[in-house]
Amino acid sequence: MEETSTMPDAAVPGPAPAVPPTPPVPLAALLAREDLGLRQIAGPQDSATVIHWAHTSEMADPYPYLLGGELLLTAGVHVPEAAGSGTYFDDYVSRIVEAGGAALGFGVAPVHDTVPRALVVACDDYGLPLVEVPPRTTFSGVARAVWQLMAQARHTELRRVTEAQQSLAAAAARPDPVPSVLRQLAQRVGGRATLYAPDGGEVASAGRMPGAGGAGGGGEVSGALAGLVAVVRPTTRDGSGGVSASGGGGGPTPSSASDTAAGVHLAAYALGTGQGFVLGVAAPRRDPGDHTIASVGAVLLSLLTGEHQSSTGAARSSALVRLLLGAAPEEVAPLLGGSERWVVVHARPDGPAPDAVTASALGAALGSALVDVDGDVVRVLVPAGHRELTVQPGWTCGVSAPVGSHDWASADTQAGRALSRARATRARLVRHGEHQGLTDLVPPTEAAAHARTLLSPITANPALTETLRTWLSLHGSWDRTAVALSVHRNTVRQRITRCATLLSTDLDDPDVRMELWFALRHA
């Protein structure tokens, strides 16, 4: 089948294409397949030669159609009769090498009885492995074998990464988590792992530094790794160290970078704490999955260093300790952000019960790290006035009125009631006390005293009080009250009947309902 190209000036060489993101397959593994009968007849026989793809082309210039890293398969249909006496094969092989092709497979029969001698010489000259494909082996069979080997490589890589993730997570749970994670990471990559402080000093390290110098660290390699670390550190960006790093140049500081020094593979990962900590890794080789494994280690180290090293995290820990030791909320509130007024938000997701990650994401959206997961509800303590609280996609929210720190408990109750009303009315967000009315004209102390007197027959039973409050807020709807309280509608009926009996009143009377609602708001 003839190939066509939509690329302008296809014959003009451009930048070397990137290798496809597929697991590499050693050419030696493909040659070892007895069912294929492949034989390398030219080019370097290097065990490190790998292929990422198998592609068939009969174009005289295959350059525009190669991504790099391929085993290019051809039966020589494009070869002119007088090719052996000119520069045809030199030009052909040079274009494959320029495109980044890993190897060339030449099919014997039906076009050519043998591999052209001039092609063998050209492949030797340009260092391109040349593989003879026997008549009994189809190109599709070769491609299928490549895919099978890739699947095996992918399975091996995934298993290795999974085992490494499990061991790193277990190390993070040890009493000495940072050294344990570094030791496990160094073992998994077969090299050295180092945690660098914001000032560039080593906080902790594990493993042997590959290359010259052994366990003590090998001057050139250690210096190159330190230079790479300086590239990714947000607070000490230094582009003058002569280090070639991915994402470098004049753009934003990269979160990771890689380089090679003295044959050693180096990588640096800026931890996501914003404090300037960096993970440096040096390994004798770069195996598939190494970047993923090191990234997992960087995430764990970010969690281990971030909260305890940040001033806000230390302040929150201090506030918690003081509360546990008996301090009043108004005394610790300045440690949590210095706000004089606070809002409590109760939120429930549309989907499954929230986990810590989901809850933290909601807290970030609301502008607060003070988050608590309580069953299927997330509670967030938010400084009032820092940002407007709006509807959060995927969440149903209840918001308290702004209160001082001494009223956190009452605000928590307000937010819970607002969430119940939001769920019952299918609103995305309900704020407590959004609309002020005549009840605000009554002094709070007098309203509270009246509420205690009126509701005294049922205050000993919180279930009755809350059911009556929800039922009245939903205009006497049995079904919506049952949904809001997560009980059966018959339970709602029984409780409301009990309330009417204890209060000795007619709950169908709108005046009675209004007075009870007034009392419940000030109870």
Report task. Would you indicate whether Arg144, at its atom CZ, is surrounded by more than 12 heavy atoms from other residues, nucleotides or ligands within a distance under 6.0 Å? Result -> no
Query - Donor-acceptor contact below 3.5 Å, side chain Gln40 vs main chain Pro44 - result: yes
Requested in this report: State, to 0.1 Å, how close Ala415 and Val344 come at their nearest heavy-atom pair, and which atoms those are.
Outcome: CB-O, 3.3 Å
Query raised in the report: Step by step, would you call Val131 with Leu104 a side-chain contact (heavy atoms from CB on, under 4.5 Å)?
Result: CA-CA 6 Å; Val131 176; Leu104 175 64; over 6 Å; no
Query raised in the report: Can you tell me how far OH of Tyr92 sits from CG of Leu72, rounded to the nearest 0.5 angstrom?
Result: 4.5 Å
Query - Close side-chain approach of Leu366 to Val343, heavy-atom, < 4.5 Å - result: no
Requested in this report: Any chance you could lay out the side-chain contact (heavy atoms from CB on, under 4.5 Å) test for Thr114 and Val108, step after step, and finish with the verdict?
Outcome: CA-CA 6 Å; Thr114 61; Val108 177; 5.6 Å; no
Query raised in the report: Hey, does the side chain of Gln45 reach the backbone of Gly43 with a donor-acceptor pair shorter than 3.5 angstrom?
Result: no
Query raised in the report: Is any side-chain heavy atom of Leu266 closer than 4.5 Å to a side-chain heavy atom of Thr260?
Result: no
Query - Distance (rounded to the nearest 0.5 Å) between Thr49 OG1 and Asp46 CG - result: 4.5 Å
Query raised in the report: Can you tell if the side chain of Leu271 reaches within under 4.5 Å of the side chain of Val278, non-hydrogen atoms only?
Result: no
Report summary line: Thr87 meets the side chain to side chain donor-acceptor pair (under 3.5 Å) criterion, sequence neighbours left out, with Asp91
Report task. Any chance you could measure Leu429, atom CG, to Cys397, atom SG, to the nearest 0.5 Å? Result -> 5.5 Å
Query raised in the report: Do any N or O atoms from the side chain of Glu70 and from the backbone of Gly68 form a donor-acceptor pair under 3.5 angstrom?
Result: yes
Query raised in the report: Are any non-hydrogen side-chain atoms of Val371 and Leu362 less than 4.5 angstrom apart?
Result: no
Report task. Inspect the contact between Asp290 and Arg160 and indicate whether a charged nitrogen and a carboxylate oxygen are less than 4.0 angstrom apart. Result -> yes
**Report entry** Euclidean distance, Arg159 CZ relative to Arg154 CZ, rounded to 0.5 Å
**Finding:** 14.5 Å
Query raised in the report: Minimum heavy-atom separation for Ser205 to Arg192, with atom names?
Result: OG-NH2, 2.9 Å
Report task. Give a yes-or-no answer on whether the side chains of Glu58 and Thr74 include a donor-acceptor pair shorter than 3.5 Å. Result -> yes
Report task. Only counting residues at least two apart or in another chain, list the ones meeting ring-ring contact (aromatic ring centres under 6.0 Å, His included) with Trp408. Result -> Trp342
Requested in this report: Output, in order, the C-alpha distance, side-chain angles, deciding distance and verdict of side-chain contact (heavy atoms from CB on, under 4.5 Å) for Glu98 and Tyr126.
Outcome: CA-CA 10 Å; Glu98 187 179 355; Tyr126 285 92; over 6 Å; no
Report summary line: Note: His265 and Pro284 closest approach over all heavy atoms is CD2-O, 3.8 Å
Report summary line: Residues Leu168 and Leu185: closest non-hydrogen pair is CD2-N, 3.8 Å
Query raised in the report: Can you check whether Phe139 and His55 have ring centres sitting under 6.0 Å from each other?
Result: no
Query raised in the report: Can you check whether Leu36's main-chain N or O pairs, donor with acceptor, with Thr137's side chain at less than 3.5 Å?
Result: yes
Query - Any donor-acceptor N or O pair under 3.5 Å, side chains His346, Asp412 - result: yes
Requested in this report: Check whether any side-chain heavy atom of Tyr196 sits under 4.5 Å from a side-chain heavy atom of Leu225, and report yes or no.
Outcome: yes
Report task. Side-chain contact test, heavy atoms from C-beta onward, threshold under 4.5 Å: evaluate it for Val120 versus Ile41 and give yes or no. Result -> yes
Requested in this report: Drop me the distance from Glu157's CD to Thr162's OG1, to the nearest 0.5 angstrom.
Outcome: 10.0 Å
Report task. Let me see the working for Leu158 and Thr156 under side-chain contact (heavy atoms from CB on, under 4.5 Å), right down to the final yes or no. Result -> CA-CA 6 Å; Leu158 291 176; Thr156 301; over 6 Å; no
Report task. Report yes if some heavy atom in the side chain of Pro383 is under 4.5 Å from a heavy atom in the side chain of Ser368; otherwise report no. Result -> yes
Query raised in the report: Can you find a side-chain donor-acceptor pair between Arg183 and Ser180 that sits under 3.5 Å?
Result: yes
**Report entry** Interatomic distance, Trp53 atom CH2 to Leu67 atom CG [nearest 0.5 angstrom]
**Finding:** 7.0 Å
Requested in this report: Could you tell me whether Asp350 and Arg428 make a salt bridge, using a distance below 4.0 angstrom between a side-chain N and a carboxylate O?
Outcome: yes
Report summary line: Between Ala171 and Val181, the two heavy atoms sitting closest are CB-N, 3.8 Å
Report summary line: Looking only at heavy atoms, the pair that brings Ala268 and Val232 closest together is CB-CG2, 3.9 Å
Requested in this report: State, with a plain yes or no, whether a side-chain heavy atom of Ile96 is found less than 4.5 Å away from one of Tyr63.
Outcome: no
